[in-house]
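Protein chains get the first letters and strands the later ones, always in sequence-line order, with residue 1 at the start of each. Keep in mind that the numbers below use all heavy atoms, side chains included, and drop hydrogens, waters and symmetry copies.
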Amino acid sequence: MGLKILTEHINVPGINTLETYRKMGGYRSVEKAVKTMTSEEVVEEVKKSGLRGRGGAGFPTGLKWSFLAKPEGKPRYLVCNADESEPGTFKDRVLMEKIPHALIEGMITSSYALGARTSYIYIRGELMFVLRILEKAIAECYAAGLLGENILGSGYSLDLHVHPGGGAYICGEETALLESLEGKRGNPRNKPPFPAVWGLYGCPTVVNNVESIASVPWIINNTGDEYAKIGVGRSTGTKLISASGHINNPGVYEIELGLPVEEFLFSDEYCGGIWKGRKFKAIVAGGSSVPILPGELFLKTAEGTPRLMTYESLSEGGFVSGTMLGSGGFIVMDDTTCIVRNTWNFSRFYHHESCGQCSPCREGTGWMEKILHRLEHGHGNMHDIDLLVNVSKQIEGNTICPLGDAAAWPVASAVRHFRDEFEWHVKHPEKATAPGAVYSGAEDLAFA
Amino acid sequence: MEQTTTQNEVQFSDAAMAEIRRYISHYPADRKKSAILPILHIAQAEFGGWVSPEVQDKVAEILDIQPIEVYEVATFYTMFNLKPVGKHVLEVCRTGPCMLRGADHLIEHLESRLGCHVGENSADGLFTLKTVECLAACGMGPMLQIREKYYENLDPQKMDQLLDDLSKE
């Protein structure tokens, strides 16, 4: 059993209520911060913790906070990115649904650190039922003096609101999220200026992921140095991993960074191994945007070193033989999975979700989807496989926001590691979508 | 003619107006437009599961903005239905992790049960079948959403049961 910072009390009955949450030690960080610490001291602790953005980018949270501009006469904002839409990722939703106060406590303590007087939680619109859970918890906090004017008699005041999105993956990109919060289409902004200088309503703004913000209370209660002792090297603390696909125990798990990958995938405490006694074929380890890896390259690096659940270990080998931890969305595939079909599915997602602002992404994602559809349905040729890689290279790095890269990487990596499977689809057009060959087909699944 | 009639009838209930005012109060006074997505959600729930051009005009009026500012938002975000829908809108996740657990087959099953394709309404007008991208339920797939509720870990029996229950409502 690893240390649980975020989910220790997740199964305590009534943990969604303020009363139970406080009984379990909740809101101590607010008390400590607003009554005994300066905002700079709170920022300093988060810096020392080494906490890195849990939304996927892994940028140090404390450093991001320290970039926040503080011009006279302008409000500053903290916006929580709860627009969790990355395929394979459902950790923030589970955390907010079960322990809404974990996020709210983090929002209050973090807002104090940043000098924000109004903060927002931008939650994806589909999670309206979670929005209602959060609003109920926020109302409890107002009634208890934890939000509103003069919090706990400290003189610090904060308003916290939840804002629903409208169903657009792109709004998980922080500047698209801010545009959306301003009531516009979610088109990412050109950077610089970064949100730290020009964010919500042109004011200095920090945008942080749910899990990052929910990690702040423990850091304040126990110090940044203590947090930094958890984990390995620059991967400090714990991480929520969303595990899905062909495993025995799908779900959300909190792990200490540094856990061996093999233990996470195969021990009964976590994923419990591949379902139906099948073999481990491939994995997308950081949400759909990161490169796919064959099972053997995921468990061990090309040099044969067993991988650990850290940002560094998963990216060892670069894009040639490594991947990224990203948002920690583990999508596991057994040996019956058709990689072409899976890649087509992901490409269709990115084509659907492209905001259309940059031509390479708007046009390129459509091209990739079409080519992959052709290959998967037995109408492709060998030239298509190279064309696919060619198109992905023309998107990568040529767009305002990272959606272009996120669309390109899964495709390029799938061809890199599973080229024979793409060629098989060209050579066996009559069997390309047929069950039993590479793609498992209906008989293995619940909906046979 | 019908449109003109509808336009005259776009009137939010008192409860919905109270909710709209609550959302508007969350943003700076000169940034009312921020409330556009929350209000579109309220409008969609209020007016039969979709937002007609007349409803969008009403939203613009409430927010003191040009109608085009609402149109461009309503057409960008996929949660807003721009044409009439059935009584129950089934939004089935079709993305990778759900596909690995059988989403394709769930969709086929629904098409055959409802006698309509994705994007269409069932003949009895009760159901609209939609596919959507990842709903953050990857460990509980295959799944679908109906209004604010998630139905997870579905299999054919559970799905049929759910359709039967909804048909009786």
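With chain B as the partner, the residue from A:P87, A:A168, A:G251 showing the most heavy-atom pairs under 4.5 Å is A:P87. Chain B forms the most heavy-atom pairs under 4.5 Å with one residue out of A:G166, A:G165, A:P250, and that residue is A:G166. Counting heavy-atom pairs under 4.5 Å between each of A:W344, A:Y201, A:Y169 and chain B puts A:Y201 at the top. Between chain B and the residues A:G186, A:G356, A:C171, A:S85, the largest count of heavy-atom pairs under 4.5 Å involves A:G186. Each of A:S242, A:S244, A:P75 has some count of heavy-atom pairs under 4.5 Å with chain B, and the biggest count is that of A:S244.
For A:E353, the part sitting under 4.5 Å from any heavy atom of chain B is the side chain, from C-beta outward, and nothing else. Only the side chain of A:I331 has a heavy atom closer than 4.5 Å to any heavy atom of chain B. A:C355 touches chain B through backbone and side chain together, each having a heavy atom under 4.5 Å away. Contacts of A:S288 with chain B are absent, with no heavy-atom separation under 4.5 Å from either backbone or side chain. At a 4.5 Å heavy-atom cutoff, the contact between A:V94 and chain B is made by side-chain atoms alone. For A:R185, the parts sitting under 4.5 Å from any heavy atom of chain B are the backbone and the side chain alike. Only the side chain of A:L131 comes within less than 4.5 Å of a heavy atom in chain B; its backbone stays farther off. For A:F346, the part lying near chain B is the side chain, with the backbone staying farther off; criterion is any non-hydrogen pair under 4.5 Å. Contacts between A:N342 and chain B at a heavy-atom distance below 4.5 Å involve backbone atoms as well as side-chain atoms. Only the side chain of A:Y120 comes within contact range of chain B, with heavy atoms under 4.5 Å apart. With a 4.5 angstrom heavy-atom cutoff, A:T343 does not touch chain B via any of its atoms. Only the side chain of A:E135 comes within contact range of chain B, with heavy atoms under 4.5 Å apart. If you measure heavy-atom distances from A:Y350 to chain B, you find no contacts under 4.5 Å at all. Interface residue A:V332: only backbone heavy atoms are found under 4.5 Å from chain B.
Summarising the geometry, atom CZ belonging to A:F90 is positioned 9.5 Å from atom CD belonging to B:E152; distances are rounded to the nearest 0.5 Å. Interatomic distance, OG1 of B:T131 versus NE2 of A:H352, reported as 7.0 Å (0.5 Å rounding).
Heavy atoms only, all atoms of each residue included: B:R101 and A:I247 are closest at NH1-O, 3.3 Å. The heavy-atom pair separating B:L100 from A:T337 by the smallest distance is CD2-CG2, 3.7 Å. Of all the heavy atoms in B:P97 and A:G88, the pair that sits closest is CG-N, 3.7 Å.
Contact of the A:R93 side chain with the B:Y150 side chain is registered, since non-hydrogen atoms from C-beta on lie closer than 4.5 Å. The shortest side-chain heavy-atom distance between A:S180 and B:L37 falls under the 4.5 Å cut-off.
Residue A:R117 places its CZ atom among more than 12 non-hydrogen atoms of other residues, nucleotides or ligands, all under 6.0 Å distant. Annotation: A:K98, atom NZ; neighbour count of heavy atoms from other residues, nucleotides and ligands within 6.0 Å does not exceed 12. No more than 12 heavy-atom neighbours from other residues, nucleotides or ligands sit within 6.0 angstrom of NZ on A:K136.
Judged as a salt bridge (Lys or Arg N to Asp or Glu O under 4.0 Å), the pairs with a partner in residues 121-134 of chain A (not counting sequence neighbours) are, in order, A:R124-A:E126, A:R132-B:E148. A side chain to side chain donor-acceptor pair (under 3.5 Å) check over residues 36-49 of chain B, counting only residues at least two apart or in different chains, returns the pairs B:S13-B:E46.
With hydrogens and angles disregarded, no donor-acceptor distance shorter than 3.5 Å links the side chain of A:H163 to the backbone of B:P38.
At a heavy-atom separation below 4.5 angstrom, chain A is approached by B:E72, B:V73, B:T75, B:F76, B:Y77, B:T78, B:M79, B:F80, B:R94 within residues 69-94 of chain B. Contacts between residues 14-35 of chain B and chain A, counted as heavy-atom pairs separated by less than 4.5 Å, involve B:R22, B:Y23, B:H26, B:Y27, B:P28, B:R31, B:K33, B:S34.
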